[in-house]
Amino acid sequence: MRFEGRAWTVAALTGGQVRLIAENGELAALLLSLLFADEGFEVAAAPAACRVPPLGLLESLPEAVQERALAWELHVREVETGHPGGSGAVGPPRAAYDPEVRTLAQREEAKAAELSAAGMPTSAVTVRRMRARYRDGGVWGLVDQRAARPRSALGRADERVVAALREVLEAGQERSSGTLGRLRVYTERLLAERHGHGAVPLPSPATFNRLVHALADGRGLLGSAR
């Protein structure tokens with residue numbers, strides 16, 4: 001197999017972990033879910049379409065994201081085979097998706113029209129793109145990758161807020177008060193000086209406090225009141 005641009009041999013599988021040996025004898029151990037999610041992972045001598053799906057990662061996503069990906073799987077299967085359950089399903093396909101009488105392009109158009117009528121604006125080009133993604137990555141390829149991207153401890157905080165807060169923390173101003181409320185005031189003042197009053201709004205107190213700890217914890221930046 002290939003991983004991180006190198007060739008490896010699977011030495012052992014233990015629970016949810018895999019142990020690998022590189023060509024130079026280097027050893028590595030990592031979670032299977034991380035291995036399967038890596039963009040460079042592929043089984044040697046196997047086509048890209050046979051890549052193993054990233055087991056366990058789908059379940060880690062929000063329920064709505066999972067449901068959307070699984071729904072798209074049914075749509076893609078119906079376009080390609082005539083049945084949402086795939087080619088092994090029994091019973092006649094719906095007329096709009098019968099491969100015997102409708103071309104693939106016609107089936108893509110029919111699916112786009114069906115989804116659009118159901119309140120999900122879709123084009124035939126989108127259906128075609130989802131088919132390609134499913135072919136390359138299975139259900140994981142149908143996931144909205146914005147939801148799959150790992151988020152840092154800072155979440156989606158405004159970079160200007162982060163910079164100001166970090167500066168306040170490093171200046172040690174919070175140690176005179178020891179309260180997160182005062183720290184918020186200092187940060188707001190600094191933002192007003194830099195960008196103008198009200199130009200950069202602070203997040204809610206709860207979000208701001210989480211941001212404080214994300215920046216300060218473990219670095220000795222957050223003092224306490226006497």
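- Evaluation of the ring pair (Phe, Tyr, Trp, His ring centres under 6.0 Å) test over residues 61-81, restricted to residues two or more places apart or in two chains, returns Trp72-His75.
- Take Arg77 and apply the side-chain hydrogen bond (donor to acceptor under 3.5 Å, both in side chains) test, not counting sequence neighbours, and it matches Glu73, Tyr134.
- Closest non-hydrogen pair, Pro93 versus His83, comes out as N-CE1, 3.6 Å.
- Residues Leu165 and Leu183 are in side-chain contact: their nearest non-hydrogen atoms beyond the backbone lie under 4.5 Å apart.
- Using a 4.5 Å heavy-atom cutoff, the side chains of Arg68 and Met120 are in contact.
- By the side-chain hydrogen bond (donor to acceptor under 3.5 Å, both in side chains) test, Ser116 pairs with no residue at all, sequence neighbours left out.
- Applying the side-chain hydrogen bond (donor to acceptor under 3.5 Å, both in side chains) rule to Arg184 yields no partners; only residues at least two apart in sequence or on another chain are considered.
- The shortest distance between side-chain heavy atoms of Pro203 and Val161 falls below 4.5 Å.
- Residues Val101 and Ala95 come closest through the heavy atom pair CG2-O, 4.4 Å.
- Ionic pairing of Arg131 and Glu108 is present here: one or more N-O contacts between side-chain nitrogen and carboxylate oxygen are shorter than 4.0 angstrom.
- The side-chain heavy atoms of Leu180 and His213, taken from C-beta on, include a pair separated by under 4.5 Å.
- Taking CG of Leu169 as the start and OG1 of Thr187 as the end, the distance is 7.0 Å to the nearest 0.5 Å.
- A distance of 11.0 Å separates CD in Glu109 from CG in Leu104, rounded to the nearest 0.5 Å.
- Transitive grouping of hydrophobic side chains (ILVMFWY, heavy atoms separated by less than 4.5 Å) keeps Val168 and Val185 in distinct clusters.
- Checked against side-chain hydrogen bond (donor to acceptor under 3.5 Å, both in side chains), Glu114 has the following partners two or more places apart in sequence or in another chain: Arg94, Tyr97, Lys111.
- Among residue pairs with one or both ends in residues 187-197, those qualifying as salt bridge (charged side-chain N to carboxylate O under 4.0 Å, His left out) are Glu167-Arg194; sequence neighbours excluded.
- Cluster annotation: Leu74 and Val143 are assigned to distinct hydrophobic clusters (Ile/Leu/Val/Met/Phe/Trp/Tyr, side-chain heavy-atom contacts under 4.5 Å, transitive).
- In plain terms, the two heavy atoms of Ala164 and Leu191 that are nearest each other are CB-CD2, 3.7 Å.
- In terms of hydrophobic clustering, with Ile, Leu, Val, Met, Phe, Trp and Tyr side chains grouped at heavy-atom distances under 4.5 Å, Leu211 and Val200 are assigned to a common cluster.
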